[in-house]
Amino acid sequence: MSSVAYDPNNVFAKILRGEIPSKKIYEDAHVLAIEDINPAAPVHVLVMPKAAYQSFDDFVAQAAPADVGAFFASVQKVAEKLGLKHYRLISNHGSEAGQTVFHFHVHILAGKPLGRLLP
Ligand code: AMP
């Protein structure tokens, strides 16, 4: 888990509060999916729970198992809604893993052959 507290001023918290705009792909009571502002593939969508968790590790450690399961079902729903037959999921936990926004999110990447896991 993360050693520092959740920062309510991170960019996704601001998007969730409607303080800054985003291109919405899917939303329900618990989940928001938006287009990534700096896409790494033709399809690059970010799926996040609305509740405040810093990362994958915090979410799985702190949320109720049913909420964890429901979240990942929502990720699948978003991929299905996008009509994706092939896609990659990424979730970075911690800055060394590449996390830059400290509100848990899963990247859905697709739309071209994605090649190996890391360049
Ligand atoms: P990560 O580096 O795994 O924390 O992913 C954060 C992602 O958020 C990056 O791919 C950024 O391009 C994306 N991002 C940052 N700011 C915004 C924003 N305002 N709207 C949409 N995506 C954003």
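One-based numbering, in listed order, for ligands and for the atoms of each.
Where the criterion is an N or O separation shorter than 3.5 Å, residue side chain and backbone included, P21 fails it with respect to ligand 1.
Listed by number with element, the atoms of ligand 1 under 4.0 angstrom from any heavy atom of I34 are 21 (C). Applying the 4.0 Å criterion to heavy atoms of E35 picks out, from ligand 1, the atoms 21 (C). For ligand 1, the atoms sitting less than 4.0 Å from at least one non-hydrogen atom of N38 are 12 (O), numbered in the order shown with element in parentheses.
In this structure the side chain of I34 never reaches within 4.5 angstrom of the side chain of I25, judged on heavy atoms.
The CG atom of N38 lies 9.5 Å from the OG1 atom of T100; values are rounded to the nearest 0.5 Å. Atom-to-atom distance recorded for H105:NE2 and Q54:CD is 12.0 Å, nearest 0.5 angstrom.
Relative orientation of the F59 and F104 rings is parallel, given thresholds of 30° and 60° on the angle between their planes.
When hydrogens are left out, the protein atom nearest atom 1 (P) of ligand 1 is H105 NE2, 3.2 Å; that is the closest non-hydrogen contact. Considering only non-hydrogen protein atoms, atom 8 (O) of ligand 1 sits nearest to F12 CZ, 3.3 Å. In terms of protein heavy-atom proximity, atom 15 (C) of ligand 1 is nearest to I37 CG2, 4.0 Å. In terms of protein heavy atoms, atom 19 (N) of ligand 1 is closest to V11 CG2, 3.6 Å. Here the heavy atom of the protein found nearest to atom 13 (C) of ligand 1 is D36 OD2, 3.3 Å.
The proximity of F102 to ligand 1, defined as any non-hydrogen pair under 4.0 Å, does not occur for either the backbone or the side chain. The proximity of T100 to ligand 1, defined as any non-hydrogen pair under 4.0 Å, involves the side chain as well as the backbone.
A donor and an acceptor atom, one from each side chain of Y26 and K77, are located under 3.5 Å apart.
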